[in-house]
Amino acid sequence: MSITRPLPRLLAVLLLFAATLTTSQVLATTVAHADGCYTWGRTLSQSASGEDVRQLQIRVAGWPGYGAHLAIDGSFGPATKAAVQRFQSAYGLVSDGIAGPATYGKIYALQDDDCTPIHFTYAELDDGCGGSGFDGGTLSEAATRANALRAMWQLEALRHALGDQPLNISSGFRSIPCNRSVGGASNSEHLTGRAADLTGVHSFCTMAKEARNHGFGGIFGPGYPDHNDHTHVDIRTTNTWSAPNCGI
């Protein structure tokens, strides 16, 4: 009779081992997917600070709310919580403002190995005169590239809010000679990597109106001089909006 007793124990051990193995495989898959870019190692909520918070802020900067802008400062305050909540809600997650595995999993699914969002590339944000890298503007190449990355994540938010239909960039970063050749303003945000001129399946007014919800400080569209064939958006942190034909 005692011969049958170890079997349930053995079965329990085997089931526990299988469950552990499965969990490990899932975690390994998640980490491997993120390792090409950035991997979060802890849950983040209000009062947290550090580089992991800053990396999170870059990716949720497109969800600050109407007319607002999220500081990329590495400090998880109320504004960051609200942006995380909007991001979570937009992607069907529990909207608690706490960045944990589900939130990171969605971010991992949305980004490529170079940290750009999956629907935009550095090449698209490159020189408006043919692409020559991010040097030759008014900032260092590194700073310009960092601005372009943030702009892309805000564009990803705008794209998602507009039904995940394409947003085409007709002009992004411009070097000083490029900007001069196309008649751009001497203080254009295109010189800093913060700007993109958009076309696509949506009307220019639709893009301009929705952009107000996604952290874009500069919005210029139909009715503004030389902006009847595109919508300009940029990530300056003060609001200058003008698209008179759109009611903006």
Across all chains, not counting sequence neighbours, the side chain to side chain contact (heavy atoms under 4.5 Å, CB included) partners of Ser140 are Ala142, Ala143

Value for CD1 (Ile118) from CD (Gln111), rounded to nearest 0.5 Å, stands at 10.0 Å

Nearest heavy-atom approach of Asn147 to Thr192 is ND2-O, 2.9 Å

Residue set satisfying side chain to side chain contact (heavy atoms under 4.5 Å, CB included) with Glu124, at least two apart, ordered chain then number -> Phe120, Thr121, Ile169

Here the disulfide bond (SG atoms under 2.5 Å apart) pairs for residues 131-162, sequence neighbours left out, are none

Taken to the nearest 0.5 Å, the spacing of Asp112 CG from Met152 CE works out to 10.0 Å

Taken in chain and number order and not counting sequence neighbours, the residues that satisfy side chain to side chain donor-acceptor pair (under 3.5 Å) with His69 are Asn239

- Message: I'd like to know whether His202 forms a side chain to side chain contact (heavy atoms under 4.5 Å, CB included) with Leu167, so could you lay out the CA-CA distance, the side-chain angles of the two residues, the decisive distance to 0.1 Å, and finally the verdict.
- Response: CA-CA 8 Å; His202 306 285; Leu167 296 178; 4.0 Å; yes

Quiz: residues 241-248 side-chain donor-acceptor pairs under 3.5 angstrom, not counting sequence neighbours:
unit_1: Trp241; atom_1: NE1; unit_2: Phe216; atom_2: O; d: 3.2
unit_1: Trp241; atom_1: NE1; unit_2: Gly217; atom_2: O; d: 3.3

Residues pairing under salt bridge (charged side-chain N to carboxylate O under 4.0 Å, His left out) where one sits in residues 181-209, two or more places apart or in two chains, turn out to be Arg174-Asp197, Glu189-Arg194

Contacts of Gln55 meeting side chain to side chain donor-acceptor pair (under 3.5 Å) (sequence neighbours excluded), chain-then-number -> Glu51, Arg59

Side chain to side chain contact (heavy atoms under 4.5 Å, CB included) between Phe204 and Leu198, intermediate numbers included:
CA-CA 8 Å; Phe204 302 134; Leu198 303 177; over 6 Å; no

Nearest heavy-atom contact between Val60 and Ala83 is O-CB, 3.7 Å

Using 30° and 60° as the class boundaries, would you call the ring planes of Phe220 and His232 parallel, tilted or perpendicular? tilted

Anything under 3.5 Å between a donor and an acceptor, one on a side chain of residues 221-228, the other on a protein residue two or more places apart or in another chain? List them.
unit_1: His227; atom_1: ND1; unit_2: Pro225; atom_2: O; d: 2.8
unit_1: Asn228; atom_1: OD1; unit_2: Gly223; atom_2: N; d: 2.7

All heavy atoms of Asp114 vs all of Tyr122, minimum pair found to be OD2-CD1, 3.7 Å

Scanning both residues in full, the closest heavy-atom pair of Pro101 with Thr43 reads CD-OG1, 4.3 Å

Does Tyr66 use its side chain to pair, donor to acceptor, with the backbone of Arg212 at less than 3.5 Å?
-> no

Q. For Gln154 and His214, does a side-chain donor sit closer than 3.5 Å to a side-chain acceptor?
A. no

Report, one line per pair, each donor and acceptor closer than 3.5 Å where one atom sits in a side chain of residues 70-81; sequence neighbours left out.
unit_1: Asp73; atom_1: OD1; unit_2: Gln57; atom_2: NE2; d: 3.1
unit_1: Asp73; atom_1: OD1; unit_2: Ser75; atom_2: N; d: 3.0
unit_1: Thr80; atom_1: OG1; unit_2: Gln57; atom_2: NE2; d: 3.0

**Report entry** Whether Trp40 side chain and Asp52 backbone form a donor-acceptor pair below 3.5 Å
**Finding:** yes

With sequence neighbours left out, the residues meeting side chain to side chain donor-acceptor pair (under 3.5 Å) with Asp126 are none

On a heavy-atom basis, the closest approach of Ala185 and Asn179 is O-ND2, 2.9 Å

Any chance you could lay out the side chain to side chain contact (heavy atoms under 4.5 Å, CB included) test for Phe87 and Leu56, step after step, and finish with the verdict? CA-CA 11 Å; Phe87 173 89; Leu56 175 66; over 6 Å; no

- Task: Kindly indicate whether the side chain of Phe173, heavy atoms from C-beta on, has any atom under 4.5 Å from the side chain of Leu139.
- Result: no

Students should find that the hydrophobic cluster of Ile176, defined by side-chain heavy atoms under 4.5 Å apart, otherwise consists of Leu191

Handout entry: Side-chain donor or acceptor of Thr144 paired with backbone N/O of Gly193 under 3.5 Å
Key = no

* Can you check whether Ile98 reaches Val84 side chain to side chain, under 4.5 Å on heavy atoms? -> no

- Is the side chain of His160 donor-acceptor paired with the backbone N or O of Ala90 at a distance under 3.5 Å, no angle test? yes

CH2 of Trp63 to CD of Gln85, rounded to nearest 0.5 Å, is 13.5 Å

Run the side chain to side chain contact (heavy atoms under 4.5 Å, CB included) test on Trp153 and Leu110 for me, step by step, so that the C-alpha distance in whole Å, both residues' side-chain angles and the decisive distance to 0.1 Å come before the verdict. CA-CA 10 Å; Trp153 277 101; Leu110 286 172; 4.1 Å; yes

**Q.** Test item: Asp234 and Thr240 side chains (from C-beta on) under 4.5 Å apart, heavy atoms
**A.** no

What one should report as the nearest heavy-atom pair of Met207 and Leu158 is O-CD1, 4.3 Å

Q.
Looking at Cys178, is its backbone amide N or carbonyl O close enough to the side chain of Ser181 to form a donor-acceptor pair, meaning the two atoms are under 3.5 Å apart?
A. yes

So the side chain to side chain donor-acceptor pair (under 3.5 Å) pairs with at least one residue in residues 90-99 (sequence neighbours excluded) are Gln88-Asp96

